Amino acid sequence: MEKALACLFGCGVRPSLQRMAVMDYLLTHRTHPTAEEIYLHLSPSMATLSRTTVYNTLKLLVERGAVSAIDIEGRQTRYDGFTHLHGHFLCVGCGTLCDVPLDDALCRGIRSAIPAGVSAGDIQILYKGLCAACKAHVTENQNTN
């Protein structure tokens with residue numbers, strides 16, 4: 001919880017029990033959860049937590065830069081407490097979303113490509129394809145046909 005508290009203070013967000021719980025969840029669960037997944041995980045132990053509180057907290061955390069919102073093809077928003085520049089890989093088979101590290105040279109190149117006078121508040125790099133398990137499943141099915 002200390003790291004969550006530090007993140008909230010660092011972004012100018014007044015901590016509350018609910019805000020700290022949401023931030024802590026995102027910092028300790030690197031699964032890129034949806035707001036609903038966060039609510040379902042936290043609500044059994046927090047009787048005062050509502051879906052509205054989770055959505056409002058996430059909106060505030062995104063606005064303040066404590067959390068990144070990852071829009072998946074306009075169908076779903078997932079959240080990431082890991083805010084430094086990195087990419088994501090989306091498996092189109094099972095829907096898993098995982099981090100893709102980017103080396104420092106690539107990050108500098110991405111940032112330097114932003115036109116002069118423009119302020120980019122959010123940069124998202126999304127790779128799509130099949131994860132190893134889904135690829136193996138597809139290959140297995142092709143071999144049995």
Side-chain angles (χ1 to χ4, degrees), residues 1-115 118-142:
M1 273 301 190
E2 282 184 33
K3 192 171 180 183
L5 186 61
C7 283
L8 294 177
F9 278 132
C11 291
V13 174
R14 189 172 43 94
S16 67
L17 183 62
Q18 292 87 352
R19 289 173 179 171
M20 287 177 38
V22 169
M23 189 74 229
D24 185 62
Y25 184 83
L26 288 168
L27 292 173
T28 57
H29 294 83
R30 300 285 302 276
T31 58
H32 309 92
T34 64
E36 182 68 11
E37 289 168 342
I38 295 168
Y39 171 76
L40 291 174
H41 180 84
L42 295 176
S43 62
S45 61
M46 296 184 75
T48 60
L49 188 68
S50 69
R51 283 180 173 85
T52 301
T53 300
V54 171
Y55 279 95
N56 289 339
T57 296
L58 289 167
K59 182 177 185 259
L60 175 64
L61 294 175
V62 169
E63 288 171 356
R64 298 292 175 92
V67 169
S68 295
I70 307 160
D71 182 43
I72 306 297
E73 300 172 334
R75 294 179 293 141
Q76 179 179 74
T77 301
R78 298 192 193 181
Y79 296 90
D80 193 348
F82 191 53
T83 58
H84 81 276
L85 186 58
H86 65 284
H88 292 99
F89 177 84
L90 174 66
C91 177
V92 295
C94 66
T96 298
L97 184 68
C98 60
D99 290 336
V100 175
L102 304 174
D103 67 30
D104 290 339
L106 180 58
C107 289
R108 282 191 301 277
I110 291 167
R111 287 188 178 105
S112 69
I114 298 168
V118 173
S119 175
D122 187 28
I123 299 171
Q124 293 190 13
I125 299 166
L126 180 64
Y127 299 89
K128 296 178 190 176
L130 294 175
C131 68
C134 288
K135 185 177 177 186
H137 181 71
V138 167
T139 302
E140 180 181 297
N141 285 343
Q142 287 174 344

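Predicted model, so just to flag it, every value in this text is computed and none were measured.
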Any chance you could lay out the side chain to side chain contact (heavy atoms under 4.5 Å, CB included) test for R19 and R14, step after step, and finish with the verdict? CA-CA 8 Å; R19 289 173 179 171; R14 189 172 43 94; 3.8 Å; yes

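- In the model, Q18 has a side-chain atom that pairs as donor or acceptor with a side-chain atom of T48 under 3.5 Å.
- Side-chain contact between V22 and L61: present, with at least one pair of heavy atoms (C-beta onward) separated by less than 4.5 Å.
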Please determine whether side chain to side chain contact (heavy atoms under 4.5 Å, CB included) holds for the pair I125 and V100, giving the CA-CA distance in whole Å, both sets of side-chain angles, and the decisive distance to 0.1 Å. CA-CA 9 Å; I125 299 166; V100 175; over 6 Å; no

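- The structure places CG of N56 at 7.5 Å from OG of S50, a figure rounded to the nearest 0.5 Å.
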Would you check, one step at a time, whether the test side chain to side chain contact (heavy atoms under 4.5 Å, CB included) holds for E37 with T31? CA-CA 10 Å; E37 289 168 342; T31 58; 5.6 Å; no

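- When all heavy atoms of M1 and M20 are compared, the closest pair comes out as SD-O, 3.8 Å.
- For S43 (side chain) and Y39 (main-chain N/O), a donor-acceptor pair under 3.5 Å exists by modelled atom type.
- Atom OH of Y127 has 12 or fewer heavy atoms from other residues, nucleotides or ligands within 6.0 Å.
- Of all the heavy atoms in V62 and A69, the pair that sits closest is CG2-CB, 3.9 Å.
- What you find for S112 and G109 is that their closest heavy atoms are OG-O, 3.0 Å.
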Would you check, one step at a time, whether the test side chain to side chain contact (heavy atoms under 4.5 Å, CB included) holds for L97 with I70? CA-CA 10 Å; L97 184 68; I70 307 160; 4.1 Å; yes

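- The distance from the CG atom of D71 to the CD atom of Q76 is 9.5 Å, given to the nearest 0.5 Å.
- More than 12 heavy atoms of other residues, nucleotides or ligands shown are found within 6.0 angstrom of NE2 on H29.
- Contact of the R51 side chain with the L40 side chain is registered, since non-hydrogen atoms from C-beta on lie closer than 4.5 Å.
- Under the 3.5 Å distance criterion, the side-chain polar atoms of R64 are matched with a main-chain donor or acceptor of G12.
- Side-chain contact check for H88 and H86: at least one donor-acceptor pair (N or O, by modelled atom type) lies under 3.5 Å.
- Of all the heavy atoms in L58 and Y79, the pair that sits closest is CD1-CE1, 3.6 Å.
- Put simply, SG on C98 and CZ on R30 are 11.0 Å apart, with the number rounded to the nearest 0.5 Å.
- For the atom pair CG of L8 and CG of D24, the computed distance is 10.0 Å after rounding to the nearest 0.5 Å.
- Taken to the nearest 0.5 Å, the OG1 atom of T53 stands 8.5 Å off from the CE atom of M46.
- One distance of note links CD1 of I110 with CG of L102; it measures 5.5 Å at 0.5 Å rounding.
- M23 places none of its side-chain heavy atoms less than 4.5 Å from the side chain of L5.
- Closest approach of E36 to Y55, counting heavy atoms only: N-OH, 4.3 Å.
- Minimum heavy-atom separation, P33 to L26: CG-CD2, 3.7 Å.
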